[in-house]
Amino acid sequence: MRLTARLLLAVTAAALTVGFPTAAASAADTGQVLIFSTELEPVATYDSSSGCEKAPATAHVLINDTDDPVRIYADPFCVTPSLVIAPGHGAHIPPGTGSFSA
């Protein structure tokens, strides 16, 4: 019984540690957000720590090459409901996408 309680305590502590990353861990986040618009334009790159960014008017595909989810918003101020792109993934984004945040 005592071993089971200790095991349960250790698992709970590990889960809480993973669930609440420290500020130092988020400061170490790296990567870029890449946006492809058209064949006539270069790929736009944004640092992951740039916060809310206005998306190019012709944006077509967003690639999340960061350690964190990227959120895509319909407005230019990152306040409307968002679509989430997981780290290491990409998505076609709707025409007129207003902004994104990493």
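What you see below is based on every heavy atom in this structure, not just the backbone, and it leaves out hydrogens, waters and symmetry mates. Position 1 is the first residue of the sequence; numbering continues from there.
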Partner residues of Tyr73 under the side chain to side chain donor-acceptor pair (under 3.5 Å) criterion, sequence neighbours left out: Ser101
field: Pairwise distance OG1(Thr45) to CD(Gln32) - rounded to 0.5 angstrom
entry: 5.0 Å
task: Write out all pairs satisfying ring pair (Phe, Tyr, Trp, His ring centres under 6.0 Å) with one or both partners inside residues 48-69, taking only residues at least two apart or from two chains.
output: His60-His92
message: Tell me every residue that passes ring pair (Phe, Tyr, Trp, His ring centres under 6.0 Å) with His89, counting only those two or more places apart in sequence or in another chain.
response: none
- request: Could you list the residues that satisfy side chain to side chain donor-acceptor pair (under 3.5 Å) with Thr58, not counting sequence neighbours?
  value: Ser37, Glu41
Members sharing Val70's hydrophobic cluster (side chains within less than 4.5 Å): Val33, Ile35, Tyr46, Leu62, Ile72, Leu83, Ile85, Ile93, Phe100
query: Hey, does Asp67 have a side-chain heavy atom less than 4.5 Å from the side chain of Pro87?
result: no
query: With sequence neighbours left out, what residues match Thr66 under side chain to side chain donor-acceptor pair (under 3.5 Å)?
result: Asn64
Ser82: side chain to side chain donor-acceptor pair (under 3.5 Å) partners, not counting sequence neighbours: Arg71
field: Gly98 backbone acceptor or donor facing Asp75 side chain under 3.5 Å
entry: no
Selection residues 39-96 - residue pairs positive for disulfide bond (SG atoms under 2.5 Å apart), sequence neighbours left out: Cys52-Cys78
- prompt: Residues in side chain to side chain contact (heavy atoms under 4.5 Å, CB included) with Ile63, at least two apart?
  reply: Leu34, Val61
